[in-house]
Amino acid sequence: MQEESERIAMPIVLTIAGTDSGGGAGVMADLKTFAALGVHGCVVVSCLTAQNPARVLEVSPCSPEFVEAQLKAVFTELSPKVVKTGMLYDEKIIQRTASFLKKTSVCLVVDPVMISTSGAKLLREEAIEVMKRELFPLATLVTPNLDELASLLGHPILNELELRSGAKEFYELYKCPVLAKGGHLKGSHLALDILWDGIHEYSYSLPFVRDVSTHGTGCTFSAAITAFLACGFTLSEAVGRAKCYVNEAIRGSVRISRYYALDWFRFKK
Ligand code: PLP
């Protein structure tokens with residue numbers, strides 16, 4: 001038996017997000033990522049989804065009171081260093097979450113989940129303004145993909161130049177650092193992401209992995225950033241390491257039935 005003083009301390013992180021009964025996205029992807037990267041993951045469930053890799057069939061949101069009860073349960077005994085939010089779905093859940101997090105000093109990564117790869121609505125229309133107003137100002141980083149960035153800016157992003165200027169425009173609008181994920185830019189062999197922290201621009205590009213259609217990559221990316229931040233890396237380092245992690249997970253995708261799942265455990269730290 002190890003002595004108490006000999007045991008290594010593990011950083012604690014928290015995800016506030018929806019479930020995925022298919023095991024590919026949401027809190028399931030987050031927890032696998034946290035485990036693979038050596039941090040202890042706590043979970044506050046915002047909503048349940050009946051889902052498989054092909055589609056989201058039903059969403060059942062938790063009550064805002066129950067979301068708050070889970071937050072209280074976590075923060076009473078544990079001290080997450082970094083928190084990430086994923087699918088929050090409804091305006092009241094976002095309001096409760098934001099007003100709770102305001103009273104803490106956590107570092108917050110917001111994945112502004114709006115629509116799934118399969119086309120399902122994961123954020124109610126009425127919740128979009130609340131997310132912008134209440135959650136973005138608390139964020140250390142917001143991680144929109146191309147469609148989310150376009151929707152949050154109110155115009156399309158069609159090329160690399162617009163991705164770079166879109167990141168700066170996002171910062172000016174919402175006053176928080178942003179990782180603009182350009183993985184789905186047309187005609188590019190590279191998956192390019194731009195981090196703009198208000199002072200510096202960082203570019204990250206890796207070859208786009210073709211021929212595997214996985215889901216949960218966005219959740220996995222933001223969860224990996226969360227884990228690396230909790231391990232003490234700077235924002236730009238955490239994003240770079242997280243991108244390598246996701247790239248490895250996609251490249252190592254495994255076949256499950258007629259679909260693919262990320263290989264969360266392939267990455268060697
Ligand atoms: N389901 C849940 C619960 C999610 O949190 C997300 C993304 O964050 C998705 C589905 C969508 O994942 P994808 O767009 O990769 O299918």
Side-chain angles (χ1 to χ4, degrees), residues 10-51 56 58-114 116 121-124 126-128 130-143 176 216 218-231 242 264:
M10 189 175 261
I12 304 173
V13 295
L14 165 67
T15 173
I16 309 169
T19 64
D20 170 3
S21 46
V27 297
M28 285 66 183
D30 294 342
L31 275 184
K32 287 184 240 192
T33 303
F34 296 155
L37 296 177
V39 296
H40 176 79
C42 302
V43 178
V44 166
V45 175
S46 58
C47 54
L48 309 172
T49 74
Q51 177 176 179
V56 180
E58 232 175 281
V59 175
S60 175
C62 293
S63 71
E65 292 75 23
F66 189 62
V67 171
E68 190 176 354
Q70 294 173 78
L71 285 165
K72 280 185 180 153
V74 171
F75 279 86
T76 305
E77 288 295 334
L78 302 157
S79 304
K81 264 188 159 174
V82 189
V83 174
K84 81 151 259 193
T85 59
M87 176 183 176
L88 296 175
Y89 192 64
D90 134 322
E91 54 278 22
K92 293 204 184 79
I93 292 174
I94 297 177
Q95 252 151 8
R96 281 291 170 114
T97 302
S99 62
F100 187 94
L101 292 178
K102 243 178 236 167
K103 293 180 248 153
T104 71
S105 55
V106 296
C107 170
L108 178 66
V109 176
V110 175
D111 186 10
V113 175
M114 296 168 102
S116 74
K121 207 169 229 182
L122 303 179
L123 183 68
R124 279 162 49 91
E126 299 79 351
I128 298 174
V130 184
M131 178 176 76
K132 292 177 183 173
R133 198 180 59 235
E134 308 276 332
L135 211 53
F136 287 179
L138 308 179
T140 306
L141 182 68
V142 182
T143 63
C176 52
C219 310
T220 299
F221 197 175
S222 54
I225 295 170
T226 303
F228 283 119
L229 284 173
C231 292
W264 285 275

With the side chain counted from C-beta on, respond yes when [X] and [Y] share a heavy-atom pair under 4.5 Å apart, and no when they do not.
{"X": "C231", "Y": "L37", "result": "no"}
{"X": "I16", "Y": "V27", "result": "no"}
{"X": "V82", "Y": "V106", "result": "no"}

Requested in this report: With sequence neighbours excluded, give me every ring pair (Phe, Tyr, Trp, His ring centres under 6.0 Å) pair touching residues 63-86.
Outcome: F75-F100
Report task. Sequence neighbours left out, what pairs pass ring pair (Phe, Tyr, Trp, His ring centres under 6.0 Å) with at least one residue falling in residues 18-41? Result -> none
Query raised in the report: Does E126 have any salt bridge (Lys or Arg N to Asp or Glu O under 4.0 Å) partners at least two apart in sequence or in another chain, and if so, which?
Result: R124
N/O donor-acceptor pairs under 3.5 Å from side chains in residues 134-142, not counting sequence neighbours:
| from | atom 1 | to | atom 2 | distance (Å) |
| --- | --- | --- | --- | --- |
| T140 | OG1 | L108 | N | 3.1 |

If I take atom [atom1] from residue [X] and atom [atom2] from residue [Y], how far apart are they, to the nearest 0.5 angstrom?
{"X": "S99", "Y": "L71", "atom1": "OG", "atom2": "CG", "value": "9.5 Å"}
{"X": "D90", "Y": "C47", "atom1": "CG", "atom2": "SG", "value": "8.5 Å"}
{"X": "Y89", "Y": "C62", "atom1": "OH", "atom2": "SG", "value": "12.5 Å"}

Which atom pair, heavy atoms only, marks the closest approach of [X] to [Y]?
{"X": "A224", "Y": "A242", "value": "CB-CB, 3.6 Å"}
{"X": "D20", "Y": "T49", "value": "CA-OG1, 3.6 Å"}
{"X": "A36", "Y": "W264", "value": "CB-O, 3.2 Å"}
{"X": "T15", "Y": "A17", "value": "OG1-CB, 3.6 Å"}
{"X": "G26", "Y": "C219", "value": "N-SG, 3.3 Å"}

Query raised in the report: Passes side chain to side chain contact (heavy atoms under 4.5 Å, CB included), L31 versus V43? Steps please.
Result: CA-CA 8 Å; L31 275 184; V43 178; 3.6 Å; yes
Requested in this report: Begin with the C-alpha distance, continue with both residues' side-chain angles, and end with the deciding distance and a verdict on side chain to side chain contact (heavy atoms under 4.5 Å, CB included) for I128 and L123.
Outcome: CA-CA 7 Å; I128 298 174; L123 183 68; 3.8 Å; yes
Query raised in the report: With sequence neighbours excluded, what pairs up with T97 under the side chain to side chain donor-acceptor pair (under 3.5 Å) test?
Result: none
Report task. Using side chain to side chain donor-acceptor pair (under 3.5 Å) as the criterion, list what pairs up with T143, not counting sequence neighbours. Result -> D111
Requested in this report: Before giving the answer on side chain to side chain contact (heavy atoms under 4.5 Å, CB included), spell out for L88 and V113 the whole-Å C-alpha distance, their side-chain angles and the decisive distance to 0.1 Å.
Outcome: CA-CA 8 Å; L88 296 175; V113 175; over 6 Å; no
Where the side chain of [X] meets the backbone of [Y], is there a donor-acceptor pair that is under 3.5 Å apart?
{"X": "Q51", "Y": "E58", "value": "no"}
{"X": "S46", "Y": "M87", "value": "yes"}
{"X": "K32", "Y": "T220", "value": "no"}

Query - Residue pairs fulfilling salt bridge (charged side-chain N to carboxylate O under 4.0 Å, His left out) with at least one residue in residues 68-88, sequence neighbours excluded - result: D30-K84, E68-K72, E68-R96
Report task. For the pair M131 and Q95, evaluate side chain to side chain contact (heavy atoms under 4.5 Å, CB included) and give the outcome as yes or no after the intermediate values. Result -> CA-CA 8 Å; M131 178 176 76; Q95 252 151 8; over 6 Å; no
Requested in this report: Please check if atom NZ in K92 has more than 12 non-hydrogen atoms from other residues, nucleotides or ligands closer than 6.0 Å.
Outcome: no
Requested in this report: Quickly, which of I12, L14, V13 forms a side chain to side chain contact (heavy atoms under 4.5 Å, CB included) with V83? Name it, please.
Outcome: L14
